[in-house]
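Reading through the structure tokens given below for one structure.
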Amino acid sequence: MNILRELIEEPLMSALTDMGVSGDFWRKALGPSREKAQGDLSLPCFPFAKQLGKSPVDIATALESSISGNFEVSSTGGYLNFKANPEWLASNVLKENEMPGQKSVLIEHTSANPNGPFHVGRARNAILGDTLVRLNRLFGNQVRAEYYVDDMGKQVGVLAWALANLSSENVDNILNDAEEVNPKWIGKKDHETVRWYQAAQHLRSNAEDKKIEEEIGRLVHASEHGDDEVLAQFEDAYQPVLDGMLETLSRLGIEFDTFTKESKFVVDGTVSNLMEKLASLEIHGVADNGAHFLDLGQRGLKGKTDFFYRRGDGSSLYATRDIAYHMWKWQQSENLVNILGEDHKLQAKQVGMTLQELGQKVPEVMFYAFIKLPEGKMSTRRGNVVFMDDLLEEAQAQAASVVRGLRSDLSDEEVEAIAEAVGVSAVRFNITKVSPDKGFTFRWEEALSFEGESAPFMMYSHTRACSIAKRVGRDAKMDSKGEIPPAMHELLRVMACYVDKLSHSVNENKPHVFALYLLELATAYNSFYRDCHVIKDGEVDEFNFAVSEKARALLREGMNGIGVIPLESM
RNA sequence: GGACACGUGGCCCAGCUGGAUAAGGCGGCGGCCUCCUAAGCCGCAGAUCGCGGGUUCAAAUCCUGCCGUGUCCGCCA
């Protein structure tokens, strides 16, 4: 609770100085109290004991009597506890929040190869990335959401080759009915076209004749040398697939500001310039066949230290282009954040070290662990996969059945609309609420849970507040005052931490921190709703209404910040 | 084999820039709709914080060894 911290730090500083404590190392020890009954912030006095030659208990007791302000001070067992004055807290919470963000940030996320539909594993990137984009915007930062389109190289090459050389019948025969398109997604190009890609992969893995490999190799090679015609052919192949994928993301509320193609940096010459520059570095080396690398071991990298950036034939590698891309990104924004799967850790390290070697800054990276299924690793090939499109359909259907059971007063259209919002929100929140570095197992029953720690839980609290606002039918008077029962006090304390939690979440790139905070906010609102009625016997309690309205606003903005849709009725 | 993550009640998960009795949720058990939507609320049971050492006034949190799981170790992307 930073508003209280600001109030405390000065008097505390002078009290400690008077006692003979030097430095301000204690600032980071001053933290949230463990027990709510004891206070809002606590200072453990153990670190002062040695310096002052007194017991922590005596120090806390002495400090207790020498500090005063718009808060309550008490001491127990060597801890000094501060509790904000509830009325002061209320008037602060009811004020307009000022968002502290003023940076420009370019967040690159998703950037999935455009060769097939999203499964829930690949979608973790998009959901985490978009949440970070939204949170940064809520925080006040200037954000650009960017998708780096992998429009060259082997994967797109295989896709383009397949589309040029295989008929629909060929594909059916090759795949042998093993991987049929769900009838629901016929006409959606990411689902349809991926079969060409898969068929080509089958052919390549069983290939006796080298012809296919040679043809694909020729395409890839041409693309890497910036061949316009081949790049155009590639684009014709992947664009419809990418469009299908973006349609899925759009349903999740995920949109991008800019798309940047990988080939851009080959075509405009920055990649070859870069390779020249890299060749002049002192850690540069050349292999027997003329391939170039940097020996990052000399800069402390462990394990495999040779980082190849140029093939023997003179063409660039993915990582090389990524470096060129980053140098360009640094011209676009003063802060860069990338969302990457944990499989990219080494690659990101190599790119980062090379950027440093070139005198460039290193981007921030949020890594996330993979989502697996109870049956094991997700794999389209083995059919062990849950597509995002299917998950969203199922979520919507289950939500519709819940809404229908609860609300007989609604029309079919209203039910469908609510169910869509509930389904999408539940799916997003299920992924957002867990720490990115925790690998987790996807389970249908958890993804489709609409109670407990879920999106619908907070959506429901918000609709309760909306329902009250609608009944009152006018704005609240935010300068109201009144009695503060325990449930309201708790809600005020939670609301007071809104900006703190948002800052933490944004500055540390940890979306789950704010997601879990919103759950706390909704929980606190539910208790307030139970104990502090706004409308009593037809009369409006102004103070309760003001608090309810503030909570409603914070819930609405916060939910938007994590991509949970704040319905007004459900 | 090496590097990097992760390991918290039956299940999921927070806390990990060291601080007071380890926070939630699911599941289980028991209560609450004549009262602003019960997708809710209240209560009970359930934890040697993977295991062993170490640092410290204080360790789930830091260091170290081991065990388990995941990821990476391509002139692929």
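Numbered from 1 within each chain, the chains take letters A, B, ... in sequence-line order.
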Atom CG of A:Asp151 and atom C1' of B:A77: how far apart are they, to the nearest Å?
12 Å
Across the strands shown, which category fits A:Leu346 at heavy-atom distances under 4.0 angstrom: base, sugar-phosphate, nothing?
sugar-phosphate
Pairwise C1' distance, B:U56 and B:C72 [rounded to whole Å]
36 Å
Would you call A:Asp313 and A:Arg311 a salt bridge, using N to O less than 4.0 angstrom?
no
May I ask you to say what A:Thr76 touches in the nucleic acid, namely base, sugar-phosphate or nothing, with a heavy-atom cut-off under 4.0 Å?
base
Protein within reach of the bases, or only the backbone? For nucleotides 5-12 of chain B, mark each nucleotide 5' to 3' as B, S or -, using heavy atoms under 4.0 Å.
SSS-----
Using a 4.0 Å heavy-atom cut-off, does A:Arg407 contact any base of the nucleic acid, only the sugar-phosphate backbone, or nothing at all?
base
Rounding to an integer number of Å, can you tell me how far A:Phe457 CZ sits from B:C13 P?
20 Å
To the side chain of A:Glu451, which of B:A77, B:C41, B:G27 is closest?
B:G27
Report which part of the nucleic acid A:Phe293 touches: base, sugar-phosphate, or nothing (heavy-atom distance under 4.0 Å, all strands).
nothing
To the nearest angstrom, the CG-P distance between A:Asp58 and B:C57 comes to 19 Å
Work out how far the C1' atom of B:G31 is from that of B:A38, and round it to whole angstrom.
13 Å
Atom-pair distance (CG on A:Leu317; C1' on B:A77), nearest Å
10 Å
A:Asp58 side chain to A:Ser55 side chain, donor-acceptor N/O pair below 3.5 angstrom:
yes
Sticking with atom P, work out how far B:A58 lies from B:A20, rounded to a whole angstrom.
14 Å
Rounding to a whole Å, what distance do you find between A:Gln350:CD and B:C75:C1'?
13 Å
Of the listed nucleotides (B:C75, B:C36, B:A39), which one gets closest to any side-chain atom of A:Ile418?
B:A39
Would you mind classifying the nucleic acid contact of A:Met570 as base, sugar-phosphate or nothing, using non-hydrogen atoms under 4.0 angstrom?
base
List in chain and number order the residues that pass ring-ring contact (aromatic ring centres under 6.0 Å, His included) with A:Tyr147, two or more places apart in sequence or in another chain; answer none if no residue qualifies.
A:Phe256, A:Phe259
Base, sugar-phosphate alone, or nothing: which one does A:Pro56 contact when heavy atoms must sit under 4.0 Å apart?
nothing
Could you tell me how far B:G50 sits from B:A22 if I compare only their P atoms? Round to whole Å.
15 Å
Among B:C72, B:A20, B:A38, which is the nearest nucleotide to the side chain of A:Tyr529?
B:A38
Atom CZ of A:Phe307 and atom C1' of B:C75: how far apart are they, to the nearest Å?
11 Å
The criterion is salt bridge (Lys or Arg N to Asp or Glu O under 4.0 Å); which residues satisfy it with A:Arg5, sequence neighbours excluded?
A:Glu9
Both A:Phe308 and A:Ser467 contact RNA chain B. Which one's nearest nucleotide lies toward the 5' end?
A:Ser467
Here the distance between atom C1' of B:C26 and atom CG of A:Leu448, to the nearest Å, is 14 Å
Nearest-neighbour nucleotide for the A:Asn113 side chain, B:A39, B:A14, B:A77 considered:
B:A77
Give A:Gln398 one of three labels, base, sugar-phosphate or nothing, depending on what nucleic acid heavy atoms sit under 4.0 Å from its own.
nothing
At 4.0 Å (heavy atoms only), tell me whether A:Arg27 reaches a base, stays on the sugar-phosphate, or touches nothing.
nothing
Validate the cation-pi geometry between A:Arg464 and A:Tyr529: distance from NZ or CZ to the six-membered ring centre under 6.0 Å, angle to the ring axis within 45°.
yes
Atom-pair distance (CG on A:Leu296; P on B:G2), nearest Å:
22 Å
Taking salt bridge (Lys or Arg N to Asp or Glu O under 4.0 Å) as the definition, give me every residue that meets it alongside A:Asp475, ordered by chain and number, with sequence neighbours left out.
none
Do A:Glu490 and A:Ser527 get their side chains close enough for a donor-acceptor pair, meaning under 3.5 Å?
no
Distance, P atom - from B:C67 to B:A14, rounded to whole angstrom:
26 Å
Which part of the nucleic acid, if any, lies within reach of A:Cys466 when heavy atoms closer than 4.0 Å are counted: base, sugar-phosphate only, or nothing?
nothing
Let's see if you can work this out: which of B:A38, B:A20, B:A39 has an atom nearest to the side-chain heavy atoms of A:Val402?
B:A39
Just to be sure I understand the geometry, which residues of residues 501-526 of chain A put a non-hydrogen atom under 4.0 Å away from RNA chain B?
A:His512, A:Leu516, A:Asn526
Short side-chain donor-acceptor distance under 3.5 Å, A:Asn338 and A:His326:
yes
With sugar-phosphate meaning primed atoms plus P, OP1 and OP2, does A:Glu445 contact a base, only sugar-phosphate, or nothing at under 4.0 Å between heavy atoms?
nothing
Defining pairs by Watson-Crick or G-U wobble geometry with both distances under 3.5 Å, how would you list the stems of RNA chain B with at least three pairs each?
B:1-7 with B:67-73, B:10-12 with B:24-26, B:28-32 with B:40-44, B:50-54 with B:62-66
Do A:Tyr525 and A:Glu520 get their side chains close enough for a donor-acceptor pair, meaning under 3.5 Å?
no
Base, sugar-phosphate alone, or nothing: which one does A:Val403 contact when heavy atoms must sit under 4.0 Å apart?
base
Between A:Tyr309 and A:His284: side-chain donor-acceptor atoms closer than 3.5 Å
yes
Taking atom C1' in both B:C12 and B:G46, compute the distance separating them and give it to the nearest angstrom.
15 Å
